[in-house]
Amino acid sequence: AAVKAPNERITMVHRLSEMLRLDDRDEYLSTQTFADGRAAEDGFRNLTSFTFDDIPCWTYHVGGVRVERKICMGWEENTTAVLYTVENLTDKPCDLEITPQLKFAPKEVALQRLDQKFIYKGGKITSPDYSLYLTSDAKVERRPGKWQLLAYPEDEKDGRPERGLAGSCCAVVKTVKPGRTEQFQILFSLEPTTLRGWELMQQAKMRMQQLEESCGLTDPMARQLAKSADAYIVRRDSTAGKTIIAGYPLFSDWGRDTMIALPGCCLSTGRFEDAKSILRTFLAYEKDGLVPNLFPEGESQPMYNTVDAALLLIDCVYR
């Protein structure tokens with residue numbers, strides 16, 4: 001969640017632990033390794049397909065039950081919808097139990113101490129610092145607080161922490177009767193909102209279609225790149241304008257990176273108003289002929305530690 005766009009980003013929901021409960025066994029759909037000795041969640045073994053047609057979609061098959069998961073986000077909203085379809089072809093009911101694992105900590109932080117306390121009540125998860133609205137058309141159950149110590153073997157390779165904590169305080173449970181197909185949704189948001197996950201998905205698809213049609217490109221690969229570039233053109237609250245983020249999940253909008261990316265992300269795709277807004281965003285902090293490589297965040301000052309960003313900006317104005 002970008003509590004102050006684009007750089008003050010908080011990891012609210014770290015992951016979803018997903019358990020499919022059948023008559024004869026329980027099977028994970030989620031995948032996670034742990035640093036406290038517990039057995040890993042091995043849901044990847046049940047994954048049968050992944051597709052990305054503007055919306056990511058995972059499909060799992062377990063003992064006659066098919067589970068489909070889609071995820072979409074509200075444009076320029078701190079809102080994420082997780083959409084499930086469960087097809088039960090067995091002769092016994094099944095339960096899909098989803099437990100949000102929470103952090104409520106800055107994006108780059110791996111929690112090492114039990115400093116947070118999560119409480120779920122009335123569709124809202126609260127901690128001392130933040131609140132998160134959770135709504136679902138399935139059953140939401142309040143649970144005793146639990147912590148997991150997760151392993152990050154890939155992060156460890158580049159010097160980041162090898163482990164970190166995530167906590168839970170509630171679970172979403174959906175029961176599907178034999179021979180039935182059911183759909184349900186979970187919505188996470190920083191703002192109180194009515195349940196509209198499927199509507200969000202349609203809006204996201206329509207937005208992608210509009211971007212594809214308005215980019216003025218005919219090659220299928222170029223049209224796909226025009227849509228993909230959209231994820232990096234973001235709002236900057238401090239200037240009430242647009243900027244380009246250098247990457248996810250950690251990177252900010254740096255002067256050099258933004259000016260290198262602007263011609264491809266904005267000019268070649270026909271997004272000229274966004275290009276002008278981005279240039280004005282950086283010129284608002286011009287100093288002695290330089291533009292910032294890093295913007296001021298909180299009490300910190302802008303960092304003017306790039307020479308070529310200003311030259312690249314002039315080139316962007318020329319283009």
Transitive ILVMFWY cluster of [X], excluding itself - 4.5 Å side-chain cut-off:
X: M201; value: I55, L83, W198
X: L311; value: none
X: L225; value: M221

Check your understanding: Is the count of non-hydrogen atoms from other residues, nucleotides or ligands lying under 6.0 Å from F251 atom CZ greater than 12?
Key ->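 No, because the 6.0 Å sphere around CZ of F251 holds 12 heavy atoms or fewer from other groups.
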
Look at atom CG of D288 and say whether more than 12 heavy atoms of other residues, nucleotides or ligands are closer to it than 6.0 Å. no

Is it true that [X] and [Y] make a salt bridge, defined as a side-chain N closer than 4.0 Å to a carboxylate O?
X: D54; Y: K205; result: no
X: R207; Y: D230; result: yes
X: R319; Y: D315; result: yes
X: D155; Y: K157; result: no

Flag the pair Y248 / Y232 as yes when their ring centroid distance falls below 6.0 Å, and as no otherwise. yes

**Item:** Between F52 and W58, ring centroids under 6.0 Å
**Value:**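 Here the rings of W58 and F52 have centres that are no less than 6.0 Å from each other.
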
For the residue pair [X] and [Y], what are the closest heavy atoms and their distance?
X: S136; Y: Q185; value: OG-O, 2.7 Å
X: T281; Y: Y285; value: O-CD1, 3.9 Å
X: S252; Y: L294; value: CB-CD2, 4.4 Å

Contacts satisfying side chain to side chain donor-acceptor pair (under 3.5 Å) that involve residues 168-179 (not counting sequence neighbours) are D95-T175

Salt bridge (Lys or Arg N to Asp or Glu O under 4.0 Å) contacts touching residues 71-91 (sequence neighbours left out):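 Listed by first then second residue: R66-E87, E76-R235, E76-K242, E77-R196.
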
Result for side chain to side chain contact (heavy atoms under 4.5 Å, CB included) between E68 and one of T181, V86, T85 points to T85

Q. Picking from I260, I245, N293, what satisfies side chain to side chain contact (heavy atoms under 4.5 Å, CB included) with W254?
A.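 For W254, the side chain to side chain contact (heavy atoms under 4.5 Å, CB included) check succeeds only for N293.
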
Name each donor-acceptor pair under 3.5 Å that joins a side chain in residues 99-110 to protein atoms two or more places apart or in another chain, with its distance.
{"from": "K103", "atom 1": "NZ", "to": "V109", "atom 2": "O", "distance (Å)": "2.5"}
{"from": "K107", "atom 1": "NZ", "to": "N7", "atom 2": "O", "distance (Å)": "3.2"}

> Quick one: is the NZ or CZ of R143 closer than 6.0 Å to the six-membered ring centre of Y120, and within 45° of its axis?
Replying inline: no

